[in-house]
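Single-structure report; data block below.
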Amino acid sequence: MREWISLSMACLERASPALKEILLKLYHSANKSTEIDHHLYEFGSVEYHIQSSASNEHYAYLSISTPLLSQEVLLPYGISRSTKQMVTAICPDVLQIIEPAKEGYQLTLRLDFSRLPNGKDSLKIIAEISAVQSIILSSRLKEILTNVNSYDSFQGMYKPIKLLYRPSEPFFIIRQLQKSIAVFPIHFKDKPDVIIATTFFQELMDVGSSEKWTKAPPCCWSPIPPPELRGELFEDLSTTGGFVSFEISPRHVKGKKLDKTVWSLLNFYAYVKFHVKSTRSYIQRRMRKRLEGLVELLHKRNIKVEDEETRSRKIQGFKCTIRIANLPKFTVLKRRYNGFRRTIKRIRSRIRIHGFGRFRHRWLKLPKFSSSMGYTKLE
């Protein structure tokens with residue numbers, strides 16, 4: 001048995017890249033007798049088990065285990081009948097649901113690769129099979145948004161439904177009479193990420209209120225939870241980035257819009273994290289580029305100043321040489337002699353102490369003596 005562990009970051013792709021690669025290998029080796037037993041783990045506690053025996057080369061079995069989106073909505077036996085119908089609708093000739101599912105998994109499929117069409121259609125069907133886990137989760141949220149009468153209500157307000165698409169990232173669906181409200185608690189550890197996220201939400205509110213996006217679900221951001229979430233767990237409501245709410249009207253869940261709305265809600269956290277990381281890396285890249293520009297500018301300035309000083313020194317020395325060369329030879333020798341004599345005098349001169357002269361004149365002055373003998377100056 002081989003274990004394949006794929007701990008990839010949250011992405012907006014519906015199909016599992018690792019599962020798609022394994023299924024393509026099985027499809028290309030359908031006519032060969034191969035024994036395969038793979039366990040594949042993905043981000044969000046998702047597990048796949050792929051089996052293929054050499055005795056039955058055309059069939060492969062795919063078992064899927066995924067966390068429950070909501071304990072309040074799902075049926076006791078796991079996957080609803082409508083979800084199974086959506087999975088079978090991918091390609092009824094190729095897919096067959098095995099009842100009951102393998103122990104420890106919610107769904108087990110039997111894949112018949114011999115019935116896959118040739119060409120690009122086979123690749124498209126394999127990609128859709130690789131997205132079975134997203135189909136299961138999307139169908140659960142679709143049931144929440146479309147089936148209103150199946151949930152408890154209290155004073156005209158429906159009880160908030162806590163959904164968990166990825167670990168530690170819960171969001172809430174609040175059903176009301178004419179609309180649904182999706183509330184996302186936002187939490188970031190780093191303060192710069194919080195600033196980028198809150199700025200993005202405020203811009204999202206401004207863009208959503210414009211005339212160009214009137215058909216989109218209205219967006220609202222608030223630093224405090226909405227009153228409909230009173231009574232929920234404190235750990236679910238303790239955030240650093242506030243709460244983002246989307247108002248979903250019936251026209252947003254009609255026809256093909258339902259699938260787009262559901263997938264956008266499930267991946268809203270992933271989109272916000274992608275935006276924050278991209279913005280932060282862009283800012284850091286711009287700051288680094290700006291710093292390099294300033295360092296280069298200072299370096300050029302220092303080189304320019306050094307060149308100017310060197311040039312000025314050369315010019316001064318050149319002028320001095322010209323001036324000395326123009327003087328007579330006797331004058332040049334006299335100046336050099338006078339400079340040499342001053343140097344010798346400085347070397348042989350006594351050490352001068354500041355203030356010692358006044359001390360000498362006051363205290364070391366020789367006394368004067370008077371003499372009876374007179375002296376006459378001889379000329």
Side-chain angles (χ1 to χ4, degrees), residues 1-69 74 77-79 83-140 164-167 169 263 266-267 270:
M1 182 191 300
R2 297 175 58 189
E3 292 188 356
W4 289 45
I5 301 178
S6 175
L7 299 177
S8 59
M9 295 302 292
C11 60
L12 300 177
E13 296 183 2
R14 302 195 182 196
S16 169
L19 179 60
K20 183 179 178 180
E21 182 181 355
I22 295 174
L23 294 180
L24 285 174
K25 289 182 179 179
L26 288 174
Y27 170 66
H28 291 304
S29 61
N31 297 326
K32 300 177 182 179
S33 57
T34 54
E35 190 81 20
I36 295 177
D37 191 352
H38 289 323
H39 283 271
L40 176 64
Y41 301 91
E42 287 192 344
F43 180 80
S45 302
V46 180
E47 181 182 355
Y48 300 98
H49 186 201
I50 305 99
Q51 287 180 313
S52 178
S53 61
S55 59
N56 199 347
E57 58 187 17
H58 294 292
Y59 292 102
Y61 293 88
L62 172 62
S63 300
I64 305 166
S65 174
T66 179
L68 303 179
L69 189 64
L74 295 180
Y77 49 84
I79 297 178
T83 303
K84 294 179 180 180
Q85 292 176 357
M86 293 178 62
V87 174
T88 309
I90 295 175
C91 187
D93 297 334
V94 178
L95 291 178
Q96 183 180 355
I97 298 177
I98 304 299
E99 298 286 358
K102 188 178 179 180
E103 185 178 357
Y105 298 89
Q106 282 93 12
L107 183 67
T108 299
L109 303 175
R110 189 181 70 175
L111 309 178
D112 189 357
F113 290 103
S114 62
R115 292 180 174 271
L116 280 173
N118 297 325
K120 296 182 179 180
D121 293 337
S122 60
L123 302 178
K124 183 179 178 181
I125 294 174
I126 290 176
E128 292 179 355
I129 296 173
S130 304
V132 171
Q133 190 259 350
S134 64
I135 293 175
I136 296 173
L137 294 178
S138 299
S139 65
R140 295 172 183 175
L164 190 65
Y165 181 38
R166 290 187 175 90
E169 294 180 355
W263 189 246
L266 290 176
N267 290 276

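Excluded from the calculations below are hydrogen atoms, water molecules and symmetry mates; all remaining heavy atoms, backbone and side chain alike, are included.
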### Message
Looking at Thr83 and Ser139, would you say the former's side chain and the latter's main chain have a donor-acceptor pair under 3.5 Å?
### Response
no
### Task
Working to the nearest 0.5 Å, report the span between CZ of Phe113 and CD1 of Ile125.
11.0 Å
Scan the side chains in residues 90-100 for donor-acceptor partners under 3.5 Å anywhere in the protein, sequence neighbours excluded, and list what turns up.
residue : atom : partner : partner atom : Å
Gln96   : OE1  : Arg110  : NE           : 3.4
Gln96   : OE1  : Arg110  : NH2          : 2.4
Glu99   : OE2  : Lys84   : NZ           : 2.7

### Query
Could you give the distance from OH (Tyr48) to CG (Leu107), rounded to the nearest 0.5 Å?
10.5 Å
### Task
Would you please test Ser16 and Ser130 for side chain to side chain donor-acceptor pair (under 3.5 Å) and show each step?
CA-CA 5 Å; Ser16 169; Ser130 304; over 6 Å; no
### Message
Tell me whether the rings of His39 and His49 are parallel (<30°), tilted (30 to 60°) or perpendicular (>60°).
### Response
parallel
### Summary
Shortest non-hydrogen pair, Pro117 vs Ser122, comes out as O-CB, 2.9 Å
### Beyond-backbone contact of Ile126 with Leu116, side-chain heavy atoms, under 4.5 angstrom
yes
### Task
Answer yes or no: are there more than 12 heavy-atom neighbours, outside Lys20 itself, under 6.0 Å from its atom NZ?
no
## Note on the structure
Here the gap from Glu21 atom CD to Leu40 atom CG, rounded to the nearest 0.5 Å, amounts to 10.0 Å
### Task
List the steps, then state whether side-chain contact (heavy atoms from CB on, under 4.5 Å) holds for Leu19 with Ile129.
CA-CA 9 Å; Leu19 179 60; Ile129 296 173; 5.8 Å; no
#### Entry: Contact summary for Ser52 and Leu26, nearest pair of heavy atoms
CB-CD2, 4.1 Å
### For Ser65 against Gln106, the heavy-atom pair lying closest together
CA-OE1, 3.1 Å
#### Entry: Step-by-step side-chain contact (heavy atoms from CB on, under 4.5 Å) determination, Glu47 to Tyr105
CA-CA 8 Å; Glu47 181 182 355; Tyr105 298 89; 2.9 Å; yes
### Query
Would you say Gln133's side chain and Ile64's backbone share a donor-acceptor pair under 3.5 angstrom?
no
